[in-house]
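I have placed the structure first, in the form of structure tokens, so that the comments after it can refer back to it.
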Amino acid sequence: MSNTCIIGLQWGDEGKGKIIDVLANEYDIIARYQGGGNAGHTLVINSEKFVFHLIPSGILHAGKKCVIGNGVVIDPCLLLEEIAGLNKRDTGEIGNLFISDRAHIVFPYHKKLDLLIEKQKGDLMIGTTGRGIGPCYTDKIARTGIRVTELYHKEYFKDKLKKNIEEKNRLFVNVYNAEPTSWEEVYKEYSDYAERLRPYVCDTLELMANAARDNEKILFEGAQGTLLDVDFGTYPFATSSNTGASGALSGLGVPPHRVHKVFGVMKAYSTRVGSGPFPTEIEGEEGDQIRAKGGEYGATTGRSRRCGWFDGVATRHSVRINGVDSAVITKLDVLDDRETLKICTGYRSGNKVYENFPADLNILSDCEPVYEELPGWMADTSQVREVRGLPQNAVHYIQTIERYLGLKIEMISVGPERSQIMRR
Ligand code: GDP
Ligand code: IMO
Ligand code: MG
């Protein structure tokens, strides 16, 4: 078995959490490499629901090493809440958590700035999760961010935090007409978080290097989806990290040859939370029905997810960029009562049909999708556990997507539970 990178092929929420949980048993290490508290990865085990924002989704497997890599931006308050939440529940023995000393920290001023920037954008707001992700990555790139390791040098941390907050306060007061923040309180609060997180903090580069030496198998856990990638997504309606397989390298400090397989997760239809172009969006009653059946409400913010038909153009773009080897299709069951299904195979704009995903948001926003229509199966698939038990039209739907993407769909998920999955 090889090291596998699990990534979302759409706009996030494809069911990555469930798939990681299902596969975790076959690996030694489950490692998050980018994003932060904006992620919401759901696991449902015997009707009990767990949502992880920062903790890797393999944590419910006893003895597995769960790593939060240097590429993740960590809100320590949220992480401590997640740890406390896990400890409170009767989950049995869980995995061991390791936090990179190189990861950047999300501070209250990042979250405040996230909301203020959004508000100022008005109609052009991204619809961020408000978790401070953009401002924290901005500071990282501007080289003013504070890393986990710095929390443990008291005087140095105090001076740097004070400077950062003074600078942010100038922005809050002079640009955004908002209240300034007191650095003393933040210093106290974060010094306390630092002590509580100390047992988990380590040099994860060493851990990953030792894993290579010892032939331990790694499951890389991507957050968000490729269409939210800061380079390849619908920029600027994107997140602030590289969500694809390339992010695993920089976000954990592993060399390229150690990612042996890229496994894509995609829903049988499309969803997106927040603003930005969505060519196959279904407005009105049919979209509402899919949202209701699919429970399409954000795991992090509770916002309604916009729903649309399977977008072959956008998903093929994700497959190509990431060199996806094979994939899982999730939420097939949500389409059980659709009489007709549509797969988008092109975007018509002016007198041109685009078969490759364009960078130009004007095309993405105004294009008319070209659809291939397929008959639905009008039968319950949620109880099916073997591919040969699937209705013929469901198999046809999956094969059509496979053919279009040039990709093998290795697994099919028909419900949120661990057991509701089949391998081909
Ligand atoms: P992630 O961010 O990619 O981990 O996905 P989310 O957890 O945000 O959203 C996926 C939602 O779909 C969660 O509520 C899952 O419990 C649920 N889910 C996952 N796979 C399936 C499936 O095959 N069928 C149905 N009906 N729900 C699923
Ligand atoms: P998981 O890992 C779906 C979206 C936000 C917004 C944009 C930017 O659960 O799939 P940000 O807070 O990152 O600056 O917001 O990205 N977004 C997600 N959408 N799933 C996610 O994560 C997301 N993380 C961010 O809704 O449109
Ligand atoms: Mg999610």
Side-chain angles (χ1 to χ4, degrees), residues 6-22 32 34-45 47-54 56-57 72-73 75 106 110-111 113-115 117-118 125-138 221-230 233-241 243 264-269 271-278 290 292-306 328-336 380-382 384 411-422:
I6 305 280
I7 53 160
L9 298 182
Q10 294 154 325
W11 281 281
D13 303 329
E14 298 90 347
K16 299 175 293 294
K18 170 184 166 163
I19 300 307
I20 304 265
D21 174 58
V22 165
R32 270 282 302 272
Q34 46 68 236
N38 51 350
H41 296 177
T42 314
L43 281 57
V44 180
I45 296 155
S47 306
E48 198 181 348
K49 185 168 160 178
F50 299 81
V51 180
F52 297 119
H53 303 286
L54 285 159
S57 302
V72 177
V73 288
D75 176 343
V106 176
H110 292 130
K111 291 192 261 187
L113 202 51
D114 195 353
L115 300 176
I117 293 170
E118 280 284 272
M125 69 160 31
I126 296 168
T128 70
T129 59
R131 296 288 176 111
I133 306 300
C136 185
Y137 277 119
T138 302
E221 175 172 355
Q224 290 82 52
T226 306
L227 304 176
L228 289 171
D229 185 286
V230 69
T234 47
Y235 187 90
F237 299 97
T239 191
S240 301
S241 63
T243 59
V265 186
M266 57 190 177
K267 277 182 197 177
Y269 49 98
T271 61
R272 133 160 246 180
V273 203
S275 337
F278 187 6
I290 293 175
K293 180 146 176 105
E296 296 296 358
Y297 300 94
T300 296
T301 58
R303 289 178 294 175
S304 286
R305 294 175 183 151
R306 299 152 69 192
V328 52
I329 193 162
T330 61
K331 304 194 108 168
L332 189 75
D333 54 299
V334 176
L335 300 181
D336 281 351
D380 179 12
T381 58
S382 67
V384 180
M411 293 166 90
I412 300 160
S413 172
V414 289
E417 289 277 354
R418 266 181 187 168
S419 59
Q420 289 177 297
I421 193 136
M422 56 200 105

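Quantities reported herein were computed from a predicted structural model and do not represent experimental measurements. Atoms within each ligand, like the ligands themselves, are counted from 1 in listed order.
When each atom of ligand 1 is checked for a heavy atom of His41 under 4.0 Å away, the hits are 1 (P), 2 (O), 4 (O), 7 (O). The contact set between ligand 1 and Val414, taken as ligand atoms under 4.0 Å from a residue heavy atom, comprises 23 (O), 24 (N). Each of the atoms 26 (N) of ligand 1 lies under 4.0 Å from some heavy atom of Val334. Per-residue contacts place Val44 under 4.0 angstrom from the following atoms of ligand 1 (heavy atoms of the residue considered): 16 (O).
Residues Thr42 and Lys49 form a side-chain contact, since some pair of their non-hydrogen atoms from C-beta on lies under 4.5 Å apart. Looking at Thr330 and Ile19, their side chains come closer than 4.5 Å, going by heavy atoms from C-beta outward. Side-chain atoms of Val73 and Ile133, non-hydrogen and from C-beta on, do get closer than 4.5 Å to each other. Ser57 has its side chain out of reach of Lys16: every pair of non-hydrogen atoms, C-beta onward, lies at least 4.5 Å apart. The shortest side-chain heavy-atom distance between Lys267 and Ser413 does not fall under the 4.5 Å cut-off.
The closest heavy-atom contact to atom 5 (O) of ligand 1, among the options Gly15, Ala299, Gly222, Ser413, comes from Gly15. If you check each of Lys18, Gln420, Lys331 against atom 17 (C) of ligand 1, the one with the closest non-hydrogen atom is Lys331. Of the candidates Gly225, Ala268, Pro416, Pro416 brings a heavy atom nearest to atom 16 (O) of ligand 1. Of all the listed residues (Gly17, Gly40, Gly35), Gly40 holds the heavy atom that lies closest to atom 6 (P) of ligand 1. Which of Glu296, Arg305, Lys267 comes nearest to atom 9 (O) of ligand 1 through a heavy atom is settled by distance: it is Arg305.
For the Mg ion (ligand 3), protein N/O/S neighbours under 2.8 Å (waters excluded) are Asp13 OD1, Gly40 O.
Here the side chain of Asn38 pairs no donor or acceptor atom with the backbone of Thr129 at under 3.5 angstrom. Between the side chain of Glu118 and the main chain of Ile126, a donor-acceptor pair closer than 3.5 Å is present. Arg303 places a side-chain N or O within 3.5 Å of a backbone atom of Gly127 that can act as its donor or acceptor partner. Gln34 places a side-chain N or O within donor-acceptor distance of the main-chain N or O of Ala223, the cut-off being under 3.5 Å.
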Margin query: Let's go through Arg418 and Asp21 carefully: what are the C-alpha distance in whole Å and the side-chain angles of both, what is the deciding distance for salt bridge (Lys or Arg N to Asp or Glu O under 4.0 Å) to 0.1 Å, and is it a yes or a no?
Written below: CA-CA 8 Å; Arg418 266 181 187 168; Asp21 174 58; 2.6 Å; yes
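Around ligand 2, the residues contributing at least one heavy atom under 4.0 Å from the ligand are Trp11, Gly12, Asp13, Lys16, Asn38, Ala39, Gly40, His41, Ile126, Gly127, Thr128, Thr129, Ala223, Gln224, Leu228, Ala238, Thr239, Val273, Gly274, Arg303.
Among protein heavy atoms, the minimum distance from atom 10 (C) of ligand 1 is reached at Asp13 O, 3.7 Å. Of the protein's non-hydrogen atoms, Thr42 OG1, 2.5 Å is the one closest to atom 7 (O) of ligand 1.
In terms of heavy-atom proximity, Lys293 sits nearest to Asp333 at CE-O, 3.4 Å. Of all heavy-atom pairs spanning Cys136 and Val106, the tightest one is SG-CG2, 3.8 Å. Residues Leu335 and Tyr269 approach most closely at CD2-CD2, 3.9 Å, considering heavy atoms. Closest approach of Leu228 to Ala238, counting heavy atoms only: O-CB, 3.3 Å.
For the side chain to side chain contact (heavy atoms under 4.5 Å, CB included) test with Asp229, the passing option among Thr239, Ile7, Thr243, Thr234 is Thr243; the others fail. No option in Arg305, Gln224, Lys331, His41 other than Arg305 meets the side-chain hydrogen bond (donor to acceptor under 3.5 Å, both in side chains) test with Asp13.
Within the structure, ligand 1 lacks His53 among the residues with a heavy atom less than 4.0 angstrom away. Residue Gly8 places no heavy atom under 4.0 Å from ligand 1.
Residue contacts with ligand 1 for Asp333 involve side-chain atoms from C-beta outward but no N, CA, C or O (heavy atoms, distance under 4.0 Å).
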